[in-house]
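Here the structure comes first, spelled out in structure tokens, and everything after it is commentary.
When reading the values below, keep in mind they use all heavy atoms of this one structure, side chains included, and skip hydrogens, waters and symmetry mates. Computed from a prediction, not measured in an experiment: that's the story for all the values here.
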Amino acid sequence: MLPKPDEVQIVIHDQPISGVLQLDDWLRSQMDAATAIFMGRVRDVAMDGRPLEALELSHYPGLCERLIEASARQLLQHHGCRCAFVLHRVGRLLPGELIVLVAVSADRRGPAQRCCAALLEALKHDAPFWKREWSNGVGTWLSENTPL
Amino acid sequence: MLPKPDEVQIVIHDQPISGVLQLDDWLRSQMDAATAIFMGRVRDVAMDGRPLEALELSHYPGLCERLIEASARQLLQHHGCRCAFVLHRVGRLLPGELIVLVAVSADRRGPAQRCCAALLEALKHDAPFWKREWSNGVGTWLSENTPL
Amino acid sequence: MNQSQSDAPPSVKVLLFASLRDQAGWSERCIALNAPAVQTAREIWDQLELGDLPQVVLVAINQDIVSADHPLQAGDELAFLPPFTGG
Amino acid sequence: MNQSQSDAPPSVKVLLFASLRDQAGWSERCIALNAPAVQTAREIWDQLELGDLPQVVLVAINQDIVSADHPLQAGDELAFLPPFTGG
């Protein structure tokens, strides 16, 4: 059974956001027994160990949302889950700010946890987002993601 | 390196609670890059398929918190994670109400996700909580947990 | 917690939980020890007349999980715990 | 989206992202097609004078990920995408 259209919610946000109010709204929109959530925040060190001033995130609007939605629907179906919520920041982010929130609901905890982890990997590898680290006023585009 | 005492926070709560505000407070108390969260809510059907009126949860105060704290510290150390937050309801719960919230923070997403899942299993199998399902005015103590 | 020096008869506090509480019809009771003989948790259970101690029931003394054959001292808190079903 | 019937010269909109944008010094450009010959995404890239198309760079035409050898039509949106690093 394919998830219905409103079972995948995607928000790309360009301002600082804790994500918690959005998560609360989404949780109230469904009543599934099990919800697995991941929240990623900006580190205070760059990949090379230097202090990080800011993280710049850009994306390809339109294609980005479409690819996330396709991944989410495929993964919900594969894992037997019901609803997915993706909140992703773009713009200039300071250390400690939320970058990404992924939430997946299901009737059982195992599928919810596995699908949430898989959707996070899909966001990292299959969605057109790009990160640039800023240290000492110099910006460096990342060539790969942090390891699992 | 053993987690410091304030790195495990446990709350046993006897009133309905969405858990989201408590999660927000806990998230603001630390700045780790990766946080994995699980939220479990009361189903509207009993284990035998009948409509569920309420779920009654009791615990052994004192021993319960101590066993959760011991599990959390051991799992944080084992998985290389930093902080854990456990919120567990007791009392009479209606369908849709939050039963349990588990959150684990770390520098990396993999350890946070694995530790959060392991701590949830520890709560289910190693902490003195007991569930009684109420259907048609009849209460039935559960003899085992829902499968993963 | 050894109260053998006090005037009160030596006893332990017994706690039952969940289905055991329903089965017995009580949740907390003071049970006298047959001093000076040392008694185990299992021996106290047998005094409760609730049948054999089920293998799946855990025993806690003073909020530590212990073997059912653990000896008791006067003043101990002894709890019998059915299988956990939380989370 | 085929504009060959209109007065405008046949062209595609080319989008660059992230490091490619910095390398080229621009993010969006209109590139004329050499009609009536059909051109591929790779052939348009070669016109941009940014070196060989890196294997890791993905190509999207009208917001669909396609092969670099996919043919273009006038009015298409053609995007070159460095490796993704989101999440």
Side-chain angles (χ1 to χ4, degrees), chain A residues 10 12-13 38-42 46-47 55-72 86-91 93 98-102 116-134 138-148, chain D residues 1-3 11-31 40-42 44-45 47-87:
Chain A
I10 298 161
I12 311 286
H13 204 79
F38 180 84
M39 299 172 79
R41 294 188 286 191
V42 181
M47 292 282 257
L55 187 67
E56 181 187 336
L57 259 153
S58 59
H59 75 309
Y60 184 0
L63 177 62
C64 189
E65 291 86 338
R66 281 184 47 214
L67 289 176
I68 295 173
E69 180 157 344
S71 290
V86 172
L87 176 60
H88 206 295
R89 266 297 304 281
V90 291
L93 286 74
L98 183 79
I99 307 173
V100 63
L101 186 157
V102 182
C116 180
L119 183 49
L120 177 62
E121 296 311 303
L123 279 174
K124 288 185 174 275
H125 301 293
D126 306 331
F129 288 107
W130 298 277
K131 288 192 186 114
R132 176 154 56 173
E133 292 182 335
W134 288 90
V138 177
T140 308
W141 290 103
L142 295 187
S143 58
E144 57 183 17
N145 260 305
T146 52
L148 239 175
Chain D
M1 303 273 274
N2 192 314
Q3 301 179 344
S11 66
V12 295
K13 181 166 77 172
V14 176
L15 303 178
L16 300 181
F17 288 92
S19 55
L20 293 178
R21 187 176 288 191
D22 287 3
Q23 187 189 339
W26 52 268
S27 59
E28 180 176 337
R29 205 171 252 192
C30 215
I31 303 280
T40 65
R42 189 187 304 279
I44 299 291
W45 171 272
Q47 284 181 239
L48 304 180
E49 299 186 344
L50 295 168
D52 287 342
L53 179 62
Q55 281 231 333
V56 294
V57 166
L58 292 182
V59 171
I61 294 178
N62 299 329
Q63 306 214 345
D64 268 324
I65 306 273
V66 295
S67 146
D69 299 313
H70 199 283
L72 289 160
Q73 293 193 295
D76 281 351
E77 176 177 294
L78 168 62
F80 294 101
L81 315 172
F84 306 155
T85 54

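At distances below 3.5 Å, not a single donor-acceptor pair connects side-chain atoms of A/Trp130 with backbone N or O atoms of D/Phe17.
Scanning both residues, D/Gln63 and A/Tyr60, for their nearest heavy atoms gives NE2-CE1, 3.5 Å. Heavy atoms only, all atoms of each residue included: A/Ser143 and D/Pro83 are closest at O-CB, 4.1 Å.
Residues in residues 55-81 of chain D take part in these ring-ring contact (aromatic ring centres under 6.0 Å, His included) pairs, two or more places apart or across chains: D/Trp45-D/Phe80. Here salt bridge (Lys or Arg N to Asp or Glu O under 4.0 Å) pairs that include residues 53-68 of chain D, with residues two or more places apart or in two chains, are A/Arg66-D/Asp64. Each salt bridge (Lys or Arg N to Asp or Glu O under 4.0 Å) pair with one or both residues in residues 117-129 of chain A, not counting sequence neighbours, appears once here: A/Glu121-B/Arg109.
For A/His125, the part lying under 4.5 angstrom from a heavy atom of chain D is the backbone only. Using a 4.5 Å cut-off between heavy atoms, A/Ile99 touches chain D through its side chain atoms alone. For chain D, the nearby part of A/Trp141 is the side chain; its heavy atoms alone come within less than 4.5 Å.
For the options A/Leu67, A/Leu63, A/Leu57, A/Leu120, heavy-atom pairs under 4.5 Å to chain D are most numerous at A/Leu63. When A/Val100, A/Leu101, A/Val102 are compared by the number of non-hydrogen pairs under 4.5 Å with chain D, A/Val100 comes out ahead. Interface check for chain D: of the options A/Ser58, A/Gly62, A/Gly40, A/Ala122, the most heavy-atom pairs under 4.5 Å are formed by A/Gly62.
Proximity to chain A among residues 54-61 of chain D is limited to D/Ala60, judged by heavy-atom separations below 4.5 angstrom.
Within a 6.0 Å radius of CG in D/Asp69, more than 12 heavy atoms belonging to other residues, nucleotides or ligands are found.
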